[in-house]
Structures are given as structure tokens and as C-alpha cells.
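Here is the structure we will look at, set down as C-alpha cells.
In what follows, chains carry the letters A, B, and so on, assigned in the order in which the sequence lines appear, proteins first and then strands, with residues in each chain numbered from 1.
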Amino acid sequence: MADLALLSFPPVRLPGQAAALRAEVRAFLAAELAAGGFVPRPDAWLGGHSAEFSRKLAARGWIGMTWPRRYGGGERSQLERYVVTEELLAAGAPVAAHWIADRQSGPLLLRYGTEAQRARFLPAIARGECYFAIGMSEPEAGSDLAAARTAAQRVAGGWRLSGRKLWTSHAHAAHYVFTLCRTAPPGERRHEGFSQLIVPLDAPGVTIRPIRLLNGARHFNEVILDDVHVPDDLLVGEPGRGWEQVTSELAYERSGPERLLSTFPLVVALLRALGPDPDRAAREVVGRLTANLWALRRLSQSVATALDAGRQPNTEAALVKDLGTRFEQDLVEAVRGVLDREPDRTEPDELAATLAEAILAAPGFTLRGGTNEILRGSVARALGLR
Amino acid sequence: MTDPELLRSVAHDLFAAHAAPEAISRAEAAGEVWLPALWGALEVAGFHRLGVPEGAGGAGGGWAELAVLLRAAGRFAAPVPLAETGPLGGWLLAAADLPLGSGPLTVAPVRPGERVIAQRGAGGWELSGRATRVPWARRATRIAVVVELAGEGRRGVVAVDPAAPGVRIKPGANLAGEARDVVEVHGLHLPADAVGLLPMEIDEGTVLRRGALARAALIAGALERVLDLSVDYARLRQQFGRPIGAFQAIQQELARMAGEVAAAGAAVDASVEAVEHAGEAAALAEIAAARVRAGEAAGRVARTAHQVHGAIGFTDEHQLRHFTRRLWSWRDEFGSERYWAETLGRLAAEAGPDGLWPLITRGPG
């Protein structure tokens, strides 16, 4: 029998204070909207960068929520963090500045960092003042991350780092890039010999070049590292154990509400255009989309529950990301199927413009954070097929 | 019965003993998809009364327990009216203070828009109406029929004897050969106390909601089994000198299948929790969502499973058919998948653009 216990989605029980927390976040967002504090946009965790907004969230204790208090955290559960993050994303709030630091860089430091590193970075992240980018992919190392060639040589007082990182979101607006690099040649296995270095993005030898996507978005960058000196105290974890460390980040990176909600604003725009009594075909489509979203949300919360229990639900996160991001794409075509209008970014019509943005952004959903083919390969491994 | 793990384990053992694929195949070959030994074992265990209040002679238990039992039943493609006897028929009779009787029960009507009318007359009631696709009608000792009390604005329930004069059963079947009969009632005269009054909040829609949730749980169990069978087959079947599961094409398809199974299970879990928290009338949206998602999963998983199993899985020799034919059937019983999608879409549209997110995030979880 296939051992399906390898894929485990625990029951979800939101803690008692979740409802009050949700109400608090909604009230904050309503006030911000009323005051013109932000314009809702889809994919806001990538496209909505606002240092001011991040600091406001931090002031309410909504960054670093799950971290120990002594590092500026709130010692709250992953499920409570989930309540906050999903409300922010559903509202299209500009959370991009702190998103990566909060989502994975902080947890990585908590797990593998030294006390000095935690004391140095976590409080600043929790204040909404310190932003991280992810330095993993390279021109020759996308899905095959183990082919990464950025390398660091041991020198007096630290490391000399050279290489090129690609698809580094918001490197142009972040303070540090969490960089996967080789500090030793591969051993018997290609995954050996990697380390993680925190690289200040204003260090000498760092060049950042923006990458423009076909929809005009500019959050991606190329980061060129040319003999960058990285002091010893910015090595995170064990030299040579970088692969294992990076792997442990993935459950955080892949499973959250940002993998389901990217095109949610399009359903909202559709409902606004349809009114309260749409025809049968439109009702059916809306019903199907709502049902899918409901199930996905439950799965995503289930992964958060597993994280709360101290587990590393990497495969479950991969499964949720595959399902969720394909749903995000399917949603676009489903909505298009009940419409008769052309997508147009310049249209004052909310639906035509939102449809246009969603169509143009859609290819990225199943590429970023691990291509879905690779993720399905992980699931296949958990099923015992490879 | 409160420990879900214990319930799951006991139910699993019972179904494994009495609902092996070979037993189902033999029953089919003998001309009727029905396992009397399985039913007997369920009665001995009291499982046929799960979902009926203890005070009315039931085994107690709510939807959390029912979901465990029904998923186990689905995992074994158990061809018996488990959902119909406990949480549907038995529950209705108990709600109207009518005796449960003995033996398997079923319930009618089970399709949106169908009605059976009870007209008050001298000495009692006269029932007339037609209910189609009634599960297991010809096997049931009694059919719990929800009747509209003509002119009175409320419903009652009657434990109709299928053999009574005025009742005609026309046999039918779903794609798995499970009995889905037409029940025609014409001029059936019953004494006054034969009709139990139902509380105002219980009507035909209640039967649809509860039946729909039960089918979603059955589907979730059957999906798990189909994934198991497909993964096992891919690991064992050798072609080109290796297991077919070694090919990426198969791996990718089975990974998608696992996703579908997980999503359907999550939708059922969420709806069961919503029902436990707020009652099944208030959880209409969640039940609809579970039915839609489980239905979508059923179609995709059945398709992929047959593709992975190749020709042998398409024959009447392989047990895969016990599950895929039920998936193809159950997804449209107690309301079609489309019906539930439209229902949920209507609720979403009524909630409106600013109400959709609060709708999705309502409830305990």
C-alpha cells in the first residue's frame, strides 16, 4: 500500500483569539483605505512595496508575530500569523517590503542563526525596518538549484564572494540578500558544500540590475557579486550545510496564502460587475471558484498547523503551492469565460483592467517559488514513486 | 464513540472483513449489488444508527463521527445504505418522534424540486407523489419520506413500507449498479399517527444538504483508495524494464491526483467542522463547496486512475471499477455537482464583492 501518512494534513483549529485578531486587521485596513493609505492591488506581496506601510504593520505587532518576544516578536502561532497575512493579501495591501524577511529569513535565523545574528536582525525586521531578498536562483541554476556556482572563498575575517544571482525580488529596495553559495566543492552528492551568507546589498562589489517582466513589473533583479567581502559573523548556520538550511525555508515559502490569492481581486471585480443576481452560467463559475478557494485555504492553514507543531511539511507545502498556483491561473480563464470583453490595462473599467493584469501576471504563478513540475516531483517522491 | 482513530480502525476492520472487492464482484455477478453480511455486521456494531440521537434509540454521534465512518465506507465502496439509514432516514424519524423500526432505511425525495404531498382526510392522510433516484428503495424495510402537509406550511415524515398498496417501486441503478429506484406513491392512505410532524426548520432541503455531505464524505474515502491503487499499480507494473511509476509522465499525473485527493478531503473536513459549529442549515455554503470540490476531484481522479492502470483497469476483472463507477455516480447524487456549484455561486453573489471574503473566512476556522 502506498504510505499516504507521508502526506499529512492535520486538522485546523483556529485559536480562540483569531476572530478578534481578524476583526482588528480588517478595521485597520478599512481605516487605511478610507484615508487613502494604499490602493489595493493583486499580487501585493510582490508588487506593493511600502516602507511606511510595513512600519505601520510592525507597530501593531504584525511582523515577526511568531518569534520570541526578546527578539521583538509576538510569540503567536503560525495560524494567527496566517489570519493576518491572508487578510492583508485579500485586501491587496502593500506588504512586499517586509514579506520575505518575515516569511522566511527571520525563521531561518531563528533556526540556524547565532544569538548575535538573531539579536542583530530580528528586532529590526520586526520593526518593519530591515528588508531581505532571496539569493538562490542563478542564470544556470533555476529548477536545478544545486547547479549554483556563486562561490565564497575563505579569507581573513570572512569570505570573498563572487557570482550572479537572478530573480532576486526587491533587491533594489532591500538591505540584505540571503545568499546560497558554494564554500566547498560538491562531495559525493551535489548538495554538499553549500553555505548561506547574509550579504549587505550596499557592500562594495555588489551590483543590482533590474529585470523587467512582460507586464512591466520591475521587482525582479540580477545581483552581481564581484569579490564581495562578507565578514564571518554573516555566515548563517554551518558551512557546508546550506542545502539543508535552504530546504527548511521552503515549507514557509511555498505554503502561504500568497499561493492562492494572487487573482482573488478578479473574482471580486467580477462579482461587482455581475451584481447580486447573475445568470446560471456565471453562478456556476463563481461557485466553482469559491469552492476551490475554500478547499485550498483549508490545506494552506493545515500546513501552518504543521509548522506550529514543529514539523517540516515540505511536501505538503509543495502540494499546496502546485494546487494553489494552478488555481490562480485557472481562475483567470474561468472568469474570462463568462465575459464578453477584451482585457485592457488602460480601461477605466475595473473588470477589464483587472483581467488584463491577471492574464499578464499569470505565467509567473507556477514558476516562482519552485516550478510546479519540480514540486509535483517532490510529491511523487513522497508517494514512493522515485 | 468519540475517538476518531478508534472509530476509523474498527470501521476499517469491519469493511475489510465484509466488503472485500471480491465480495462486491460476486454480488454483482449474482445480479444485485448488495452485501447482506456487511449490513448484518454494521447492525451488530451499531454503525447503522450513527447520527441518530441516543434518546431515540440511536448510537449518537455527530458529523465528525459520521465523516469518519462514511469515508471508511467510501474507501471500501461499501454497497449498503449506511448514509441513508443513520444520518438521513433514522435522523428524520427521530426528529418526528417516530419509531426507527429495524433493518435498512432510505429516504425520499432526494432530488431538488421533487415533492410528495400529504393531504389530510377522514381518518388520516393520503399521500401522493413521485421521488426518483431513491437510494436502495427496494432493499429498505422502510422509506422515510418527507411529505409536504398540504395547506399547512410545514413538513412531516412517514416511514413508508415499500410493499404497501399505493406504493410502486421501479428499479433503477447508478453507474455502479447500486439501486436508485423510482418511488411512486398514489392514493396511499395512512392513519393519522403515521405522519410525524417535523420541526419547522426541517424540509426537503435538509435531506439534500445532509445527503450531499454524506456523499462528499463517501467520495473522499473512495478518492483515497483510488490514489492508493494507482500508486501501487505504478510501482508494480513493469514496462520497458522498469516500473511505470519511474516515468515522469506517470509521476506528474499521480502527484496531481494526490493534490485532488487532498483538496477534496480538506473541503469535507472544513464543511464537517462548519456543520458541527453552526448546524447544517447555516453551513449550506460549506456543504456546497465540499460537494463541488469533491465532485471535481472525483472526475479528475477517476480519469487519471484509468489512464495509469491502462487497459486492465478498464475491465470488469479489476477492482478499480468499484470505485470509479461510484465516483462518477456519487458526485451527482443528492443534487448534481452543477446544482451545488450554482447554489454556492448564488450565495457568493448575494454576499457581493465585499462580502465574498467574509463568507470564505467565516466560522471557526
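Contact record, Val286(A) with Ala348(B): CG1-CB, 3.6 Å, taken as the closest heavy-atom pair. Here the closest non-hydrogen pair linking Ala263(B) and Leu323(A) is CB-CD1, 4.0 Å. Here the closest heavy-atom approach between residue Ile360(B) and residue Arg297(A) is recorded as O-NH1, 3.3 Å. For the pair Arg235(B) and Gly384(A), the tightest heavy-atom approach, listed with the atom from each and the gap, is NE-O, 3.4 Å. When all heavy atoms are compared, the tightest approach of Arg293(B) to Ala295(A) is CG-CB, 3.8 Å. The two residues Gln251(B) and Leu385(A) make their nearest non-hydrogen contact at NE2-O, 3.6 Å.
The number of heavy-atom neighbours closer than 6.0 Å to CZ of Arg336(A), taken from other residues, nucleotides and ligands shown, is 12 or below. At most 12 non-hydrogen atoms from other residues, nucleotides or ligands lie less than 6.0 angstrom from CZ of Arg303(B). For Glu276(B), the CD atom sits in a packed shell: over 12 heavy atoms of surrounding residues, nucleotides or ligands are nearer than 6.0 Å. For CZ of Arg376(A), the number of neighbouring non-hydrogen atoms (other residues, nucleotides, ligands) closer than 6.0 Å is greater than 12.
For chain B, the nearby part of Leu293(A) is the side chain; its heavy atoms alone come within less than 4.5 Å. If you measure heavy-atom distances from Pro358(B) to chain A, the contacts under 4.5 Å come from both the backbone and the side chain. Residue Thr290(A) touches chain B through both its backbone and its side chain, counting heavy-atom pairs closer than 4.5 Å. Heavy atoms of Ala351(B) lying under 4.5 Å from chain A are absent altogether. There is no contact between Leu347(B) and chain A, counting heavy-atom distances below 4.5 Å.
With respect to chain A, the highest number of heavy-atom pairs below 4.5 Å among Ala285(B), Gly352(B), Ala262(B), Ala290(B) belongs to Ala262(B). With chain A as the partner, the residue from Ala266(B), Gly245(B), Ala288(B), Ser271(B) showing the most heavy-atom pairs under 4.5 Å is Ala266(B). When Arg280(A), Glu373(A), Arg386(A) are compared by the number of non-hydrogen pairs under 4.5 Å with chain B, Arg280(A) comes out ahead. Interface check for chain A: of the options Arg338(B), Arg346(B), Arg291(B), Gln248(B), the most heavy-atom pairs under 4.5 Å are formed by Arg338(B). With chain A as partner, the option from Gly295(B), Ala270(B), Ala267(B) having the largest number of non-hydrogen pairs under 4.5 angstrom is Ala270(B). Heavy-atom pairs under 4.5 Å with chain B peak, among Ser378(A), Ala90(A), Ala91(A), at Ala90(A). Here Pro353(B) is the residue among Ala255(B), Pro353(B), Ala289(B), Ala349(B) with the most heavy-atom pairs under 4.5 Å with chain A.
Taking 4.5 Å as the limit, every side-chain heavy atom of Glu337(B) sits out of range of all side-chain heavy atoms of Glu284(A). In this structure, the side chains of Asn292(A) and Glu296(B) come closer than 4.5 Å at one or more pairs of heavy atoms. Between Glu273(B) and Arg13(A) the shortest side-chain heavy-atom distance falls below 4.5 Å. At least one side-chain heavy atom of Phe264(A) sits under 4.5 Å from a side-chain heavy atom of Leu356(B). Considering only heavy atoms from C-beta on, Glu286(B) comes within 4.5 Å of Trp294(A) through its side chain. Side chains of Arg256(B) and Asn372(A) form no contact here, defined as non-hydrogen atoms less than 4.5 Å apart.
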Full working for side chain to side chain contact (heavy atoms under 4.5 Å, CB included) between Glu87(A) and Thr361(B): CA-CA 9 Å; Glu87(A) 289 296 323; Thr361(B) 55; 4.2 Å; yes
Derivation and outcome, side chain to side chain contact (heavy atoms under 4.5 Å, CB included), residues Asp354(B) and Arg272(A): CA-CA 9 Å; Asp354(B) 297 323; Arg272(A) 207 179 318 274; 3.9 Å; yes
Check against side-chain hydrogen bond (donor to acceptor under 3.5 Å, both in side chains), Trp357(B) and Glu86(A): CA-CA 10 Å; Trp357(B) 183 247; Glu86(A) 71 171 345; 5.8 Å; no
